[in-house]
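Here's the structure, in structure tokens; my notes come after.
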Amino acid sequence: MKRLLSGNEAMAWGAWEAGVVFAAGYPGTPATEILENIARRKEVDAHWAANEKVAFEEVMGAAIGGVRALVAVKHVGLNVAADSFMVFPYAGTNAGFVVISSDDPGAYSSQNEQDNRYFAKFGKVPLLEPSDAQECHDLIVKAFDISEQFKTPVMLRTTMRINHTKCLVEVGERQEREKKQYHRDPTKWSVPNYCRSLRPILEEKQHELAAYSESFEGNFVELNSDEVGIITSGICYCYAKEAMPDASFFKLGMTYPLPKQKIIDFCERFEKVYIVEEGEPFLEEQIRAFGVTNVVGKELFTNVLDLSPDLVAKGLLGTEVKGDFSKEIGILTRPPQLCVGCSHRGVFFTLRKLDVLATGDIGCYSLGSQPPFSAQHTIFCMGAGIANAFGFEKAGTKDVVSLIGDSTFIHAGIPPLIDMVYNKSKGTVIILDNDTTGMTGHQEHPSSGRTLKGEEAKELNIEQLCKVIGVEYVKQVDPYNLDETEKTIREAMAFPGAAVVIAKRPCLLMRGERNKKRIPYVVNDECVGCGVCYQIDCPALSEGPDGLAVIDAISCAGCGMCASLCPTRAIVLSASDRGLKGC
Amino acid sequence: MLTQMSSETKNVLFAGVGGQGAMLASEILALVAVEAGYDIKQTEVHGAAQRGGAVASHVRYGERVHSPVIRRGEADLLVAFEKLEALRYAHYLRDGAHIVVNDEEVEPAKLDKSRLYPREGVDFLKSKGFKVIVVPATKKAIELGNHRVASTVLLGVASGLLNLKQESWEKVLEKRILPHLLDINRRAFALGLELAK
Ligand SMILES: Cc1ncc(C[n+]2csc(CCOP(=O)(O)OP(=O)(O)O)c2C)c(N)n1
Ligand code: SF4
Ligand code: SF4
């Protein structure tokens, strides 16, 4: 049966077919929908973990315990799980273990670009790379077989274009697997104690896997022209096929270990061989190390940002890439912005007013770093903001606060807060608690009271948690209440010890909030056109042709923040109510 | 000598602002192409979709489709959900291709307040030789009773420019649209098709 599926849907389907019993992950574009899809299967126990390291280790436990298990994360998620990723291969696995790493060349939804294929080589983990959704499905099934055959974790690496591209996929039925017996054997499963004896076994496995790669059917040659040979993998196979359909191809589905002999043989057939790969010269470096010299790669295909069919055609054929019309007509950019009625706006309004240095973090609230608020001054990676602020304190910088979302706080913010208390920081942490993981599409998390499967869960009480850690100033505030928010942040900053302000208000787009009735505000005749309300930077509020403020009744979310700023009290609740229509 | 593929593949690009329905519209076209028996690839960048950023979705169908991404200068049709987004993606079109554009202007969040929305976009695109069809889709949708069906009006117009069977469109709409919204979407589609003529 063929179905139109995205790469993410196809991976979830394939993993289900392969008999996966347990799956875990932490949200992250472009990987998020893998877990969301597999969670719909009744045979699969799936959940969001507190972070990727936790997810990875739970899945390790399940696989060692005897059932096929899957962990799916975005590229930077693997950094968080890297400690286990590097050690687990020493032990190998019992039942099938597959980790999906979804990279984001072009950094469309990420803080950086990183080519995680290097992780596979670094950790000595076999690596598969699909080129479309059909291969996503097929290779994940294969990955579980390889994992069990060689008793090794296997990594399936995709890129955003693979995750988010749909095509017709031939799918099958689920095959249940017998649970594998787990035997207590410290010489195998207690890696630190037996590292020295496990290390040569791991190395031996690399040779076996390299031999396997030579005959792996996902590494195949398509012989056409004897003028041009192309070695490629992933999405670049599709781009190169489009640009040069008549070339000969060596398409790699397994990119670590590589089929060395087959590659050497292929290269000998041609005068020049193109290595077409997105990101870093991962294939090229290895192929050059095989002693092959008639190859060209990164000289023609940039490692910066993502490739496209146009850039691949440019490299192969020298064709120019057509530019847009921005030289002839002004084409404004359209950056994402905080939604109408987003509660984060109240915090950024306040921070801009207080003019403090804010070390930030990752989430919807990262948007507070751009104009007009420009109220967040450093952002790196999840959890960094709290510890960065403490560092600023060490550098003698006054008036620093750190900002962190609730999901991010649970993911990576708790140890740095403990550290602040332990090491006597006087800093202030603002937790933007909107009950959801907003940025990645509203996933549940430990303080949201629901699980990935939609079941009710015990709600982590962030306020209590902070108190237990030893923070002596912990206060919750409604960010829609601008006066109260300002007063509380001032108080926290004046407090002679570590302080936490929890700005609490559910995200308007999450389940349960989305369709709530909301009463829009309107501007009445009292408006004098002073423009004070524009400081809240709400997209629903603008200056009308007569110079007076107007509110778009369709999009206003009824938060009232603009109304509380109006000196003439001209912004008032309207009489009508209705459901919120997106933002 | 190796040549570039002269593709029989149809390339349709959808562009809009997050939340306008460009993604769903492109998915419907993809499903219709599947109904018609084509090989198909559809891809999108939707990272910023929820928070009002620009979104684009590529739909390619034909005998055998490799790349999901349309090459610049090769799109047969651009369906734009507002005018600035038509400008942003017009260079993906082949010469003289059609642009179906909603008669709406959505102000972007401005990082630089001095830059103004380009009001003369449609005339500019016409001057470049594109066949621009300006559709009052949002106005029509509001008249029908739900501004969200603007995307279906646009899809109706687009369907008139693509030679896919009408019954396939009907079948997919029925499959993909929630039952209580089906009737209004059918009317929106029919209205779009009428406008295309
Ligand atoms: C290590 C890592 N994992 C996942 C992500 C993807 N990601 C970006 S922000 C974010 C969390 C956002 O949730 P929250 O902190 O609650 O803030 P909100 O978006 O709701 O404002 C996630 C999961 C990431 N950038 N890094
Ligand atoms: S999705 Fe939620 S948290 Fe994100 S900007 Fe919109 S309202 Fe704010
Ligand atoms: S009440 Fe004011 S600030 Fe809040 S959503 Fe409506 S227009 Fe925007």
Side-chain angles (χ1 to χ4, degrees), chain A residues 2 4 29-30 104 106 108-110 132 160-161 164-168 225 227-228 235 237-239 241-247 308-310 313 317 319 321-326 328-339 364 367 370-372 438 441 509 537 539 542 554 581-583, chain B residues 1-5 7 9 17-20 27 30-31 34 38-54 58 65-74 84-85 87-92 106-113 115-118 120-121 124-125 128 147-148:
Chain A
K2 279 200 169 188
L4 187 65
T29 314
D104 186 11
Y108 288 93
S109 324
S110 306
D132 61 18
M160 177 277 280
R161 277 288 169 219
H164 289 167
T165 292
K166 288 189 175 172
C167 72
L168 285 172
S225 143
E227 282 176 50
V228 180
I235 192 67
Y237 171 68
C238 305
Y239 295 163
K241 272 299 241 203
E242 197 79 39
M244 264 198 185
D246 305 329
S308 63
D310 290 307
L317 301 159
T319 47
V321 180
K322 211 171 158 183
D324 67 8
F325 291 109
S326 59
E328 297 168 65
I329 185 164
I331 304 178
L332 294 180
T333 55
R334 189 183 293 282
Q337 55 185 332
L338 292 173
C339 298
C364 283
L367 294 170
Q370 68 189 29
L509 289 195
D537 191 46
S542 59
I554 291 186
K581 300 266 165 56
C583 56
Chain B
M1 189 54 216
L2 298 173
T3 51
Q4 273 175 261
M5 185 156 135
S7 66
T9 305
V17 178
Q20 283 188 315
E27 192 194 326
L31 288 167
V34 169
Y38 287 109
D39 186 28
I40 142 99
K41 284 212 168 129
Q42 181 262 325
T43 190
E44 64 204 27
V45 172
H46 62 196
Q50 285 173 344
R51 286 156 295 269
H58 302 228
V65 182
H66 289 289
S67 166
V69 179
I70 300 171
R71 286 195 54 188
R72 294 175 179 200
E74 290 194 358
L84 174 58
E85 297 314 308
L87 274 182
R88 192 184 315 288
Y89 291 100
H91 60 296
Y92 274 86
V106 181
E107 280 288 339
K110 284 202 199 104
L111 304 182
D112 174 0
K113 294 272 180 209
R115 296 196 62 196
L116 296 179
Y117 190 103
E120 66 292 6
F124 173 82
L125 291 169
K128 289 283 150 192
H147 72 279
R148 306 215 133 227

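Numbered from 1 within each chain, the chains take letters A, B, ... in sequence-line order.
Heavy atoms only, all atoms of each residue included: B:A109 and A:Q337 are closest at CB-OE1, 3.2 Å. Contact record, A:L168 with B:Y38: CD1-O, 3.8 Å, taken as the closest heavy-atom pair. Pairing each heavy atom of A:I331 with each of B:L84, the nearest pair is CG2-CD1, 3.9 Å. What you find for A:P309 and B:V69 is that their closest heavy atoms are CG-O, 3.4 Å. When all heavy atoms of A:C238 and B:P68 are compared, the closest pair comes out as CB-CD, 4.4 Å. The shortest non-hydrogen separation linking B:A30 to A:L4 is CB-CD2, 3.8 Å.
Among A:G323, A:P372, A:S326, the residue making the largest number of heavy-atom pairs under 4.5 Å with chain B is A:G323. Per-residue counts of heavy-atom pairs under 4.5 Å with chain A were compared for B:E27, B:E107, B:K41, B:H58; the largest is that of B:K41.
Expressed to the nearest 0.5 Å, how far NZ of A:K166 lies from CD of B:E44 amounts to 7.0 Å. With rounding to the nearest 0.5 Å, the separation of CZ in B:R72 from OG1 in A:T319 is 12.0 Å. Taken to the nearest 0.5 Å, the CZ atom of A:R334 stands 6.0 Å off from the CZ atom of B:R88. Distance CD/A:E242 to NE2/B:H66: 7.0 Å, rounded to 0.5 Å. Within the model, atoms CG of B:L87 and CG of A:L332 stand 9.5 Å from one another, a figure rounded to the nearest 0.5 Å.
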Fill in: Derivation of the side-chain contact (heavy atoms from CB on, under 4.5 Å) call for B:R71 and A:V321
CA-CA 9 Å; B:R71 286 195 54 188; A:V321 180; over 6 Å; no
Item to complete: Carefully, step by step, assess A:K2 and B:V34 under the rule side-chain contact (heavy atoms from CB on, under 4.5 Å).
Response: CA-CA 10 Å; A:K2 279 200 169 188; B:V34 169; over 6 Å; no
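In this structure, chain B has no heavy atom under 4.5 Å from any part of A:P539. Both the backbone and the side chain of B:L31 come within less than 4.5 Å of a heavy atom of chain A. Proximity to chain B is absent for every atom of A:D104, based on heavy atoms less than 4.5 angstrom apart.
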